[in-house]
2 protein chains.
Amino acid sequence: MSDSDVDLPESIELAWGLRERPGKGPKRSLTLEQVLAAGIRVAEADGLAAVSMSRVAGELGVATMSLYRYVPAKHDLLELMADAAYGPPPEVRRPDEGWRPALARWAAGNIAAIHRHPWIRHVPVGGPPMGPNGVRWLEHGLAALRGTGLRADERVSTVMLVSGYARNWASLTADITEAAARAGQSAEELGVRYWQRLERLTRGGSYPEIRQLLTESVVENAEEFDAEWRFGLDRLLDGVEVLVAGRAAG
Amino acid sequence: MSDSDVDLPESIELAWGLRERPGKGPKRSLTLEQVLAAGIRVAEADGLAAVSMSRVAGELGVATMSLYRYVPAKHDLLELMADAAYGPPPEVRRPDEGWRPALARWAAGNIAAIHRHPWIRHVPVGGPPMGPNGVRWLEHGLAALRGTGLRADERVSTVMLVSGYARNWASLTADITEAAARAGQSAEELGVRYWQRLERLTRGGSYPEIRQLLTESVVENAEEFDAEWRFGLDRLLDGVEVLVAGRAAG
DNA sequence: TAGCTTCTGCGTATGGTCTACGCATTAAAG
DNA sequence: CTTTAATGCGTAGACCATACGCAGAAGCTA
């Protein structure tokens with residue numbers, strides 16, 4: 001109870017529903033959930049850049065300033081929207097499931113969440129996860145590593161490593177997909193274009209490795225897109241496995 | 001020569017100095033380098049949020065709209081600033097150097113660059129690297145993997161994997177460092193606070209793994225900060241090594 | 001040398017952004 | 001019934017990016 005009053009950021013208390021509502025004044029006309037849902041609706045429709053306080057308020061049929069009774073600042077609105085949009089993590093690791101498939105499933109869930117709400121990647125992250133869903137995701141990620149013999153800090157680092165990779169990869173592919181949509185081309189065409197451009201830029205300069213790359217075929221079609229994701233994930237999990245195996249032996 | 005006219009984004013042509021300057025009108029009073037340097041100066045002093053067109057123009061003693069003669073839009077200014085701030089990559093792999101230490105050095109250089117200019121992490125990335133420095137970094141990253149038997153797409157994926165990890169880790173630590181500076185606390189204290197907060201939030205809920213974590217010590221001091229970085233990197237490189245060794249054998 | 005063309009810097013104006021402040025209204029507590 | 005606190009929100013201030021157009025500078029051509 002000495003640390004019962006660890007002070008939390010206001011937006012986090014809001015998200016967890018820890019704000020006492022003494023119910024003195026008039027009844028509130030909205031809930032935080034409604035505000036977040038409206039923000040998400042706007043982001044889904046027109047991208048994160050379209051999420052302005054006035055636009056979200058308009059979506060709810062209230063005045064702009066009313067939102068500030070539900071959220072301390074726009075930045076908090078965005079963070080809370082992201083946490084809400086992530087949704088619940090994939091099912092926890094089953095008793096009969098190995099750590100590796102479990103972690104792979106968790107990573108895939110991460111990708112899926114970002115691809116389901118591509119605007120999430122533009123929400124600036126501010127520190128480690130503390131939102132309700134963020135904490136649940138952390139919990140399930142750690143659950144995948146139970147019984148591996150990894151130390152506490154190693155388990156945390158591993159989960160961060162995997163989620164970081166998932167986020168990066170999802171961001172990159174979403175960037176390409178959106179750029180392709182904007183240009184009216186396929187993602188495949190756009191991938192080819194990148195290497196054409198690199199070819200043009202490295203002409204005349206001293207870029208032996210890149211020039212070498214261009215002689216081998218680096219073309220990617222849609223199926224190899226997924227293969228690329230799995231390549232990185234396999235590298236990552238192989239690296240973890242080396243450690244796990246070493247711990248089990250030593 | 002059929003692909004001699006691959007069209008490049010305007011900002012990229014600008015950065016590479018590929019814009020013909022027919023020299024018809026009056027002499028320009030600035031160079032792109034000066035504009036970028038001014039923007040970087042502002043970001044360095046007051047953060048990326050302080051970088052507005054008018055502020056950068058003021059720094060240079062010109063009118064706001066004059067900047068648009070050097071840069072198509074603010075977004076391009078930021079991208080170009082980031083590319084310039086990265087600077088040249090670490091020395092290429094030496095002939096006697098193994099791929100693993102070379103890639104580790106390259107990764108460390110990545111970290112150093114972001115820590116030298118912490119605002120870089122807030123510049124929204126838009127696709128694969130095409131700026132002059134971005135391409136040079138790519139070149140040196142690939143050079144570390146020469147002779148490993150990895151295919152072209154595998155080399156590229158590996159480099160992306162490592163740079164992504166470096167960026168993520170540098171971002172996280174920079175977030176913590178800045179938050180600590182704002183709160184007048186040490187990064188160590190703030191790390192402890194995170195776990196205290198997590199303890200508070202997971203009380204009463206169903207978070208067995210996180211609760212378990214809290215019983216083991218997850219405290220990090222400044223030295224373990226660096227150990228955490230190395231842990232992730234070792235996992236990553238171990239994973240690559242498994243593949244490289246397999247290729248050498250098979 | 002005269003005129004034409006093109007490029008420069010930049011003043012003005014438009015339509016946005018976030019949010020501090022204060023006020024009238026509502027509802028519960030004493 | 002009075003006191004107290006919380007709500008919705010109108011107004012206003014301080015920014016922001018950038019479209020447009022113009023006056024002047026510099027080179028090219030005749």
Side-chain angles (χ1 to χ4, degrees), chain A residues 10-11 13-14 17-36 38-39 42-43 45-81 119 122-124 126, chain B residues 10-11 13-14 17-36 38-39 42-43 45-81 119 122-124 126:
Chain A
E10 191 179 346
S11 62
E13 284 193 340
L14 252 22
L18 299 176
R19 259 327 200 240
E20 327 285 272
R21 191 140 318 288
K24 221 24 172 342
K27 296 259 156 52
R28 326 196 88 188
S29 56
L30 297 170
T31 62
L32 178 58
E33 284 71 28
Q34 287 173 335
V35 174
L36 299 184
V42 172
D46 296 327
L48 194 67
V51 178
S52 70
M53 297 305 265
S54 73
R55 172 83 184 270
V56 174
E59 196 81 7
L60 290 162
V62 302
T64 304
M65 291 309 293
S66 303
L67 295 187
Y68 288 91
R69 295 286 177 195
Y70 297 85
V71 148
K74 186 191 179 177
H75 176 248
D76 301 276
L77 170 62
L78 297 184
E79 274 191 0
L80 265 34
M81 279 169 53
W119 49 269
H122 294 130
V123 177
Chain B
E10 190 179 346
S11 62
E13 284 193 340
L14 251 23
L18 298 176
R19 266 308 208 252
E20 329 282 273
R21 192 140 316 289
K24 221 25 172 340
K27 295 261 156 52
R28 325 196 89 188
S29 57
L30 298 170
T31 63
L32 177 59
E33 283 71 28
Q34 287 173 337
V35 174
L36 299 184
V42 172
D46 297 327
L48 194 67
V51 178
S52 70
M53 296 305 263
S54 73
R55 173 83 185 270
V56 174
E59 195 82 7
L60 291 163
V62 301
T64 303
M65 291 309 293
S66 302
L67 294 187
Y68 288 92
R69 294 286 177 195
Y70 296 86
V71 149
K74 185 189 180 180
H75 176 249
D76 302 276
L77 170 61
L78 298 184
E79 275 191 359
L80 266 32
M81 279 170 52
W119 50 270
H122 294 130
V123 177

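Below, read A as the first sequence line, B as the second, and so on, with proteins coming before strands; counting in each chain starts at 1.
- Taking atom NE2 of His75(A) as the reference point, atom P of dC18(C) lies 14 Å away to the nearest angstrom.
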Practice item. Kindly indicate, with the supporting measurements, whether the criterion side-chain contact (heavy atoms from CB on, under 4.5 Å) is fulfilled by Leu77(B) and Leu36(B). Key: CA-CA 7 Å; Leu77(B) 170 61; Leu36(B) 299 184; 3.8 Å; yes

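- Of the two residues contacting DNA chain D, namely Lys27(B) and Tyr68(B), the nearest-nucleotide position lying further toward the 5' end is that of Tyr68(B).
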Review point. Using a cut-off of 4.0 Å between protein heavy atoms and nucleotide atoms, how would you tag nucleotides 10-15 of chain D 5' to 3' with B, S and -?
Key: BB----

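- For the pair Arg69(A) and Arg28(A), the tightest heavy-atom approach, listed with the atom from each and the gap, is O-NH2, 2.5 Å.
- Distance Leu77(A) CG to dT17(C) C1': 14 Å, rounded to the nearest Å.
- Regarding contacts with the backbone of dG8(D), a side-chain N or O of Tyr70(A) is found under 4.0 angstrom from either OP1 or OP2.
- Counting heavy atoms from C-beta outward, Tyr68(B) and Met53(B) have side chains that approach closer than 4.5 Å.
- Here the side chains of Asp76(A) and Glu10(A) are not in contact, with every heavy-atom distance at 4.5 Å or above.
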Exercise for review: Assess whether side-chain contact (heavy atoms from CB on, under 4.5 Å) is satisfied between Gln34(B) and Tyr70(B), documenting all intermediate values.
Suggested key: CA-CA 10 Å; Gln34(B) 287 173 337; Tyr70(B) 296 86; over 6 Å; no

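- Checking dC18(C), dG8(D), dA17(D) against every side-chain atom of Met53(B), the shortest atom distance belongs to dA17(D).
- The nearest whole Å value for the distance from the CZ atom in Arg19(A) to the C1' atom in dT7(D) is 16 Å.
- Atom-to-atom, CZ of Arg55(A) to P of dG15(C) comes out at 18 Å; the value is rounded to the nearest Å.
- The residue among Gly61(A) and Lys24(A) whose nearest nucleotide of DNA chain D is located toward the 5' end is Lys24(A).
- Between the CZ atom of Arg69(A) and the C1' atom of dA20(C) there is a distance of 12 Å, given to the nearest Å.
- Toward the 5′ end of DNA chain C lies the nearest nucleotide of Pro26(B), the other residue of the pair Val62(B) and Pro26(B) mapping further downstream.
- Rounded to whole Å, atom P of dC7(C) lies 10 Å from atom CZ of Arg28(B).
- Taking all atoms of both residues into account, the shortest heavy-atom contact from Glu79(A) to Ser11(A) is OE1-OG, 4.4 Å.
- Rounded to an integer number of Å, the gap from Leu67(A) CG to dC18(C) P is 10 Å.
- Across the protein-nucleic acid pair, Lys74(B) atom NZ and dC16(D) atom C1' stand 8 Å apart, rounded to whole Å.
- Ser52(A) and Lys74(A) make their closest contact through CA-NZ, 4.4 Å (heavy atoms, listed as atom of the first residue, atom of the second, distance).
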